[in-house]
Trainee: 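Let me begin by handing over the structure; questions about it come next.
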Amino acid sequence: RPALAEIQQANEEARDHDGPLEGPLRVTAPPDFGYGRLGVLIAEFSLSHPAVRFDVDVSTRVVDLVGEGFDLAFRAARVDGSSSLVAKKLSAIELWLVASPTWTKANGKRLKHPRDLEEIPCVLFRPSGDVQRFAMSLGGESIELLLRGPVAGSDFWLTRRCILESVGPGVMPSIVARADAADGRLVRLFPEWTTPTSHSYVVHAQGRYLTARARAFRDFVVARMKE
């Protein structure tokens, strides 16, 4: 099997030097990215490189890139520098407090300070028990909110739908909420406050040959995410 893998790699390297980008490209991403921005990026890339055949796995699980044959993975968490993965940083992801315009119109006057949200039913993402903790800061003031509410979920697309339906305000990553806010479907609450920030990454297995099509798509995504 190692010999077969070496032959396949040699064939890939030879093909990469000839002609246009073509062949299969296996990609995995979490739902927050896979159901949103990734689809747009794949569509754009496919229009320019129609011979590349995408196979996309959208899942919350952390896949074995080598064992399962994935070329690229998108991750929304910090990649350990000592891992067997090579990572390229894509963009910063802020966590926003958001609500629907309907909810905001009916309840916005109650919100004078972020602490007021502790007295309001919220939509929760992965709470600890029945409480979601959320840190915020403004100037010299740092607080940790204890949010409670009738709906809790482990998927931002589920909690997004509940927020859009005016169940209550909730926490959403900027990568998901930004388009809704720009189109007026969501309202960002307390935007002057600083909220937690992480980064998204595109990774591939260290020591494994990265095909020209995988390199091209990776570099395309990195460039587009900086715009």
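For this chain, numbers begin at 1 and follow the sequence in order. Please read all numbers here as calculations on a predicted model, not as lab measurements.
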Trainee: Are there over 12 heavy-atom neighbours, none belonging to R61, within less than 6.0 Å of that residue's CZ?
Mentor: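 More than 12 within 6.0 Å, yes.
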Trainee: Strictly distance-based, threshold 3.5 Å: is any side-chain N or O of D155 a donor or acceptor partner for the main-chain N or O of W157?
Mentor: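 Yes, the answer is positive, given that a donor and an acceptor are paired below the 3.5 Å cut-off.
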Trainee: Measure from the side-chain N and O atoms of T28 to the backbone N and O of A73, and report whether any donor-acceptor pair falls under 3.5 Å.
Mentor: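 Side chain of T28 to backbone of A73, a donor-acceptor pair under 3.5 Å: no, none is there.
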Trainee: Passes side-chain contact (heavy atoms from CB on, under 4.5 Å), L21 versus F217? Steps please.
Mentor: CA-CA 10 Å; L21 299 177; F217 182 62; over 6 Å; no
Trainee: Please test E165 against V151 for side-chain contact (heavy atoms from CB on, under 4.5 Å), starting from the C-alpha separation and ending with a verdict.
Mentor: CA-CA 12 Å; E165 297 296 332; V151 177; over 6 Å; no
Trainee: Give a yes or no answer on whether the side chain of Q132 reaches the backbone of L147 with a donor-acceptor pair at less than 3.5 Å.
Mentor: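 No.
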Trainee: Taking all non-hydrogen atoms of both residues, which atom of V98 and which atom of R188 are closest, and how far apart?
Mentor: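 That closest heavy-atom pairing would be CG1-CA, 4.1 Å.
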Trainee: Can you tell me if E68 uses its side chain to pair, donor with acceptor, with the backbone of D64 under 3.5 Å?
Mentor: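 Answer holds: yes.
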Trainee: With a 4.0 Å cut-off on N to O distance, would you call R115 and E141 a salt bridge?
Mentor: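 So R115 does not pair with E141 through a salt bridge.
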Trainee: Please walk me through it: do M136 and L97 pass side-chain contact (heavy atoms from CB on, under 4.5 Å)?
Mentor: CA-CA 10 Å; M136 305 180 72; L97 282 167; 3.5 Å; yes
Trainee: Looking at L210, is its backbone amide N or carbonyl O close enough to the side chain of R215 to form a donor-acceptor pair, meaning the two atoms are under 3.5 Å apart?
Mentor: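 It does hold such a pair.
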Trainee: Looking at every non-hydrogen atom in both residues, tell me the closest pair between S166 and T102 and how far apart they are.
Mentor: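 Taking every non-hydrogen atom into account, OG-CB, 3.5 Å.
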Trainee: Does R160 use its side chain to pair, donor to acceptor, with the backbone of A177 at less than 3.5 Å?
Mentor: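 It does not hold such a pair.
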Trainee: Which word best sums up how the rings of F156 and F125 line up, parallel for under 30°, tilted for 30 to 60°, or perpendicular for over 60°?
Mentor: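 Parallel, since the angle between the ring planes stays under 30°.
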Trainee: If you apply the rule side-chain contact (heavy atoms from CB on, under 4.5 Å), what do you find for I120 with W103, and how did you get there?
Mentor: CA-CA 11 Å; I120 291 173; W103 187 94; 3.5 Å; yes
Trainee: For R213 and E22, indicate whether the former's side chain and the latter's backbone hold a donor-acceptor pair under 3.5 Å.
Mentor: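 Pair found, side chain donor or acceptor close to backbone of E22.
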